[in-house]
Amino acid sequence: MKKISILIPAYNEQEVLEQLYHRLGKLANDNKSYEFEFLFINDGSRDKTMQIIRDYAETDERVAYVDLSRNFGKEIAMIAGLDHVTGDATVIIDADLQDPPELIPRMIKFWEDGYDDVYAKRNSREGETWLKKLTSKVYYQLLQKATHIEIQKDTGDFRLLDRRCVEALKQIRESQRYTKGMFSWIGYKKKEITYDRDPRAAGQTKWNYPKLINFAIDGLTSFTTAPLRISSILGLLVSVIAFIFIVVLVVKTSLFGDPVGGYPSMMAAILFLGGVQLLSLGIIGEYIGRIFNETKQRPLYFIEEYHAKSSKKAR
Ligand code: UDP
Ligand code: MG
């Protein structure tokens, strides 16, 4: 019997876990031809999330969990999960039920047809503000232009991955992770299905704008060096303009003398150049920061406790 692992990163999700567990249970009961594993990743929750998961695990041997030593963020929670899934295929799903588990049988069907990565694209984004929709649209267009790999629009982490995709992802040990790009980067046969994304069933979103901006910059800098190229081109352009301007100045001064003046143009040039220089330095800094973080080669996460059917409780 083939085994499907459901990977659920959870951070302070006590309000939704019961509903989620119920719907996953139903999924498993409706698809008896597969064995299921529900692998919860507790990402350092401060509420009762871990207690609830532990309760489920005690009575239900399909439930496994990885309890991380602190909150590492969803990206790291996902790789921690991928490191521990045991299924022939893995479905990554949000704990808040924004991704309906009822879609999973369709994903499994396509997987059986030979697809390695069946991802769910959302039709609507109910319960999200227009600002979030707009910024995400602009961002993805930008990202798409700047990178050579195709990054799926309106697609989250809700997808089914074949074992070999999981093995591929496990080999990518970057610490500042942009998993969404990695799904594309590893390749393999992809299949898109669409769905309507529901609003969060309960609880609060963990995203805020500073977090999203960081995530967006991580996305750009981890998959493309285009910003570096742009700053080089900008530097070149400014140099050419400056050179022409110098020639004009020299000719003008030698023909017509040098009446003092030109304060506004001087200020404009200084401010513009200062701006361009700071921007370029910032861009270079972003990449140096990444180099710094990656060269430390720290482990991606630490585990407080891992529990699964066959494993002994280990600390
Ligand atoms: N999550 C996590 N660690 C975090 C933040 C979020 O594991 O630091 C999980 C969270 O429990 C949920 C998923 O990531 O299962 C998506 O989070 P959320 O619903 O807050 O994001 P949104 O749907 O608003 O993008
Ligand atoms: Mg959500």
Side-chain angles (χ1 to χ4, degrees), residues 73 75-76 128-155 172-187 207-298 300:
E75 297 294 310
I76 297 292
E128 290 185 0
T129 61
W130 65 268
L131 190 64
K132 191 168 174 194
K133 284 182 209 171
L134 180 80
T135 43
S136 106
K137 189 173 163 209
V138 170
Y139 174 68
Y140 282 110
Q141 275 175 4
L142 201 82
L143 188 61
Q144 196 67 80
K145 287 227 170 75
T147 53
H148 297 298
I149 49 163
E150 194 183 329
I151 291 174
Q152 286 92 25
K153 246 180 264 149
D154 284 334
T155 306
I172 308 179
R173 307 308 289 187
E174 284 170 35
S175 59
Q176 275 172 297
R177 304 180 73 79
Y178 188 70
T179 314
K180 202 181 281 199
M182 291 175 189
F183 293 133
S184 304
W185 188 81
I186 60 169
W207 287 105
N208 47 36
Y209 268 92
K211 256 192 177 178
L212 273 180
I213 290 169
N214 278 332
F215 187 60
I217 292 177
D218 274 352
L220 268 174
T221 49
S222 65
F223 277 93
T224 172
T225 47
L228 287 175
R229 180 64 50 82
I230 292 170
S231 71
S232 309
I233 292 171
L234 203 64
L236 196 74
L237 221 78
V238 170
S239 306
V240 170
I241 294 170
F243 182 74
I244 295 170
F245 191 52
I246 290 169
V247 172
V248 170
L249 276 185
V250 167
V251 171
K252 214 174 106 185
T253 314
S254 45
L255 288 183
F256 305 108
D258 182 22
V260 178
Y263 175 73
S265 61
M266 196 174 77
M267 274 315 276
I270 289 174
L271 290 179
F272 176 67
L273 284 181
V276 169
Q277 280 171 2
L278 282 181
L279 182 73
S280 305
L281 273 179
I283 293 171
I284 297 170
E286 282 294 332
Y287 285 93
I288 294 179
R290 290 194 72 87
I291 297 170
F292 171 67
N293 280 325
E294 301 303 338
T295 48
K296 284 192 283 193
Q297 299 231 347
R298 291 198 179 162
L300 295 179

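Start at 1 with the first residue, then count along the sequence.
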### Task
Mark yes or no for whether Glu294, through its side chain, and Gln176, through its backbone, hold a donor-acceptor pair below 3.5 Å.
yes
### Query
Counting only N and O atoms by type, is there a donor-acceptor contact under 3.5 Å from the side chain of Thr221 to the main-chain atoms of Tyr287?
no
### Query
Which atom names give the shortest non-hydrogen contact between Asn293 and Ser175, and what distance separates them?
O-OG, 3.8 Å
#### Entry: Donor-acceptor contact present, side-chain Ser280 to main-chain Val276, <3.5 Å
yes
### Query
Distance from Ile217 atom CD1 to Arg290 atom CZ, nearest 0.5 Å?
10.5 Å
### Over all atoms of both residues, closest heavy-atom pair of Ile151 and Ser184
CA-OG, 3.8 Å
### Summary
dist Glu150:CD -> Leu143:CG (nearest 0.5 Å) comes out at 11.5 Å
### Query
Counting heavy atoms not belonging to Lys145, are there more than 12 under 6.0 Å from its NZ?
no
### Query
With Arg298, which residues qualify under salt bridge (Lys or Arg N to Asp or Glu O under 4.0 Å), at least two apart?
none
### Task
Write down the atom of Phe272, the atom of Val238, and the distance for their closest heavy-atom approach.
CE2-CG2, 3.7 Å
#### Entry: Sequence-distant partners of Tyr178, ring-ring contact (aromatic ring centres under 6.0 Å, His included), two or more places apart
Phe215
### Summary
CG of Leu279 to CD1 of Ile284, rounded to nearest 0.5 Å, is 10.0 Å
### Query
Judged by modelled atom types alone, do Glu75 and Thr179 share a side-chain donor-acceptor pair under 3.5 Å?
yes
### Message
Working note: Lys180 + Thr155, criterion side-chain contact (heavy atoms from CB on, under 4.5 Å); need CA distance, chi angles, decisive distance, verdict.
### Response
CA-CA 8 Å; Lys180 202 181 281 199; Thr155 306; 6.0 Å; no
### Query
So do Ser222 and Glu174 actually touch side chain to side chain, heavy atoms under 4.5 Å?
yes
### Query
Taking atom CZ of Phe292 as the centre, does the number of heavy atoms from other residues, nucleotides or ligands within less than 6.0 Å exceed 12?
no
### Task
Answer whether the closest heavy-atom distance between the side chains of Leu212 and Tyr139 falls below 4.5 Å.
no
### Task
Rounded to the nearest 0.5 Å, what's the gap from CD1 on Ile213 to CG on Asp218? Could you check?
12.5 Å
### Task
Enter the distance from Gln152:CD to Asp154:CG here, rounded to the nearest 0.5 Å.
11.0 Å
#### Entry: Donor-acceptor under 3.5 Å (Arg177 side chain, Ile172 main chain)
yes
### Task
Identify the heavy atoms of Ala146 and Thr224 that sit nearest to each other, and give their distance.
O-OG1, 2.9 Å
### Rounded distance [0.5 Å steps], CD1 in Ile233 versus CG in Leu228
11.0 Å
